[in-house]
Visitor: 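Below is one structure. I have some questions about it.
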Amino acid sequence: MTYRTVLVGTDGSASSFRAVTTAASLAAATRATLVLACAYLPMRESARAAAADRLGELAYKVNGSTPADDALRAAREHAVAAGASDVVLAAEQGEAVDVLITLAGRHAADLLVVGNRGLNSLAGRLLGSVPSGVTHRAPCDVLIVHTTSGH
């Protein structure tokens with residue numbers, strides 16, 4: 001099967017950029033369009049500041065669309081370096097799984113790529129992980145890239 005459109009989720013983290021690099025390599029090899037997708041959630045400033053304090057290095061997850069746009073620009077650099085030439089950026093408000101499924105349908109993606117972060121974590125077991133949610137709902141093939149050790 002030749003993939004025509006590959007969609008990959010990124011949140012601006014180093015592990016998500018590993019998934020972007022893999023997706024970009026696949027897109028380059030099959031001459032597919034690569035859609036870089038990033039979900040974001042709006043928050044009031046007081047709630048954002050409190051959440052950022054508690055999340056520490058994961059604080060980027062609680063910001064509005066500007067960090068999502070920044071994450072996408074950085075992901076594009078990784079994608080181009082990995083050989084992707086037809087790259088589309090898509091930042092959308094919503095929960096990550098919902099956004100990825102919506103964008104996969106909107107862009108008629110043949111392949112949805114995500115990293116494995118969250119599959120083996122306590123938060124992932126309690127709240128559900130993006131890779132797990134995507135595999136249950138995706139309208140296309142799913143590739144889970146081993147981007148973290150899970151420890």
Visitor: For residues 29-42, which residue pairs pass the salt bridge (charged side-chain N to carboxylate O under 4.0 Å, His left out) check, not counting sequence neighbours?
Guide: none

Visitor: Does T33 have any side-chain hydrogen bond (donor to acceptor under 3.5 Å, both in side chains) partners at least two apart in sequence or in another chain, and if so, which?
Guide: D86

Visitor: For S16 versus G12, what's the shortest heavy-atom pair and its separation?
Guide: OG-N, 3.5 Å

Visitor: Go through it in stages, so that I can follow the logic: the residues are V113 and L111, the test is side chain to side chain contact (heavy atoms under 4.5 Å, CB included), and I'd like the CA-CA distance, side-chain angles, deciding distance and then a yes or no.
Guide: CA-CA 6 Å; V113 180; L111 178 66; 3.9 Å; yes

Visitor: Apply the test side chain to side chain contact (heavy atoms under 4.5 Å, CB included) to residues V35 and L103: give CA-CA distance (whole Å), side-chain angles for both, the deciding distance (0.1 Å), then the verdict.
Guide: CA-CA 9 Å; V35 179; L103 290 173; 5.5 Å; no

Visitor: Looking only at heavy atoms, what is the nearest atom pair of G115 and P131, with distance?
Guide: O-CG, 3.0 Å

Visitor: Ignoring hydrogens, what is the shortest heavy-atom contact between A75 and V20? Give both atom names and the distance.
Guide: O-CG1, 3.5 Å

Visitor: For a quick test of your reading: what N or O donor-acceptor pairs under 3.5 Å do the side chains of residues 88-99 make, sequence neighbours left out?
Guide:
from, atom 1, to, atom 2, distance (Å)
E92, OE1, R106, NH1, 2.7
E92, OE1, R106, NH2, 3.4
E92, OE2, R106, NH2, 3.4
D98, OD1, R137, NH1, 2.8
D98, OD1, R137, NH2, 3.2

Visitor: Enumerate the ring-ring contact (aromatic ring centres under 6.0 Å, His included) contacts for residues 14-35, please, sequence neighbours excluded, ordered by first and then second residue.
Guide: F17-H78

Visitor: Going through the distances and angles, do L26 and L143 end up as a side chain to side chain contact (heavy atoms under 4.5 Å, CB included)?
Guide: CA-CA 11 Å; L26 282 168; L143 173 63; 3.6 Å; yes

Visitor: Can you name the nearest heavy-atom pair linking G105 to P139, along with the distance?
Guide: N-CG, 4.4 Å

Visitor: Identify, with sequence neighbours excluded, every residue that meets ring-ring contact (aromatic ring centres under 6.0 Å, His included) alongside H107.
Guide: none

Visitor: For T135, which residues count as a side chain to side chain contact (heavy atoms under 4.5 Å, CB included) partner, sequence neighbours excluded?
Guide: V142, I144

Visitor: Checking D110 against T5: is there a side-chain donor and acceptor pair closer than 3.5 Å?
Guide: no

Visitor: Is the backbone of Y3 close enough, under 3.5 Å, to the side chain of T30 for a donor and an acceptor to pair up by distance?
Guide: yes

Visitor: With A27, which residues qualify under side chain to side chain contact (heavy atoms under 4.5 Å, CB included), at least two apart?
Guide: V6, A32, L34

Visitor: Testing the basics here: between A104 and L112, what is the closest heavy-atom pair and its distance to 0.1 Å?
Guide: CB-CD1, 3.9 Å

